[in-house]
Amino acid sequence: GADPLGTATLPRYKLRFCRYADIVPDNEGEVLGAIFKLTPACVRALDSYEGPEYAQITVHVVANGRRLKAMAYAMQHNAKTAPPDMDHYREIARGYQDWKLDEARLRRARYDTLQTSPDSGSQSHAQSNPQRRATWDPAASPSGDVIRSATRRNQD
């Protein structure tokens, strides 16, 4: 019953993963997404789907050059970052493809989460392997292959 309205950006937030997607305030950030006109039944279904970890928040998005008030979901508690559940991540990636959003931004959010996640083990690995530092340019390596991206840059 939700009517798709188009794409929008959420300024001053960033996308991160705490196993599942979350948005958090970030003065330098911007999250890409889609907006829908929801019915009350849609909101009830989303509340049930998102579960008790998420709360509805009011945000202001920019769509077609206009600033609009919108509802979004964010984790209620200060959840620790964690590598994304890959089924969940693939579902978000399909949405990015469907809406023709810049998938490199989604990959960058995943990569940043992996670099800061305390239980991912990637921080210590990143420190021991200089090719895996946060030098990945999503535009230069659409596949998200950090080592290939860094190696290609070194060969240039």
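Atom set for the values below is all heavy atoms of this structure, side chains included, hydrogens, waters and symmetry mates excluded.
- The hydrophobic cluster containing M86 also contains L15, counting ILVMFWY residues as joined when their side-chain heavy atoms lie under 4.5 angstrom apart, directly or transitively.
- A salt bridge links D87 with R90: the closest approach of a Lys/Arg side-chain nitrogen to an acidic carboxylate oxygen falls below 4.0 angstrom.
- Without hydrogens or angle criteria, T113 side chain to A109 main chain gives a donor-acceptor distance under 3.5 Å.
- Counting only distance, with no hydrogens or angles, the side chain of D26 and the backbone of K14 share no donor-acceptor pair below 3.5 Å.
- Atom-to-atom distance recorded for E53:CD and D22:CG is 11.0 Å, nearest 0.5 angstrom.
- The backbone N or O of E30 lies less than 3.5 Å from a partner atom in the side chain of R105, making a donor-acceptor pair.
- The backbone N or O of R66 sits nowhere less than 3.5 Å from a side-chain atom of N64 that would complete a donor-acceptor pair.
- The side-chain heavy atoms of Y54 and Q76, taken from C-beta on, include no pair separated by under 4.5 Å.
- Note on Y73: it clusters hydrophobically with L68, by side-chain heavy-atom contacts below 4.5 Å among ILVMFWY residues.
- In this structure, CD1 in I23 is found 4.0 Å from CD1 in I57, a value given to the nearest 0.5 Å.
- Applying the side-chain contact (heavy atoms from CB on, under 4.5 Å) test to L38 and every residue at least two apart in sequence or in another chain returns A2, F36, C42, V43, L46, M71.
- To the nearest 0.5 angstrom, R110 atom CZ is 11.0 Å from Q115 atom CD.
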Please determine whether side chain to side chain contact (heavy atoms under 4.5 Å, CB included) holds for the pair T7 and L32, giving the CA-CA distance in whole Å, both sets of side-chain angles, and the decisive distance to 0.1 Å. CA-CA 7 Å; T7 61; L32 304 177; over 6 Å; no
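- Classification of R94 and D98 as a salt-bridged pair fails, no side-chain N sitting under 4.0 Å from a carboxylate O.
- For residues 5-35, the ring pair (Phe, Tyr, Trp, His ring centres under 6.0 Å) pairs, not counting sequence neighbours, are F17-Y89, Y20-H88.
- Across every non-hydrogen atom of V61 and L10, the tightest pair is CG1-CD1, 4.1 Å.
- Proximity of R16 to D112: side-chain heavy atoms (C-beta onward) are nowhere separated by under 4.5 Å.
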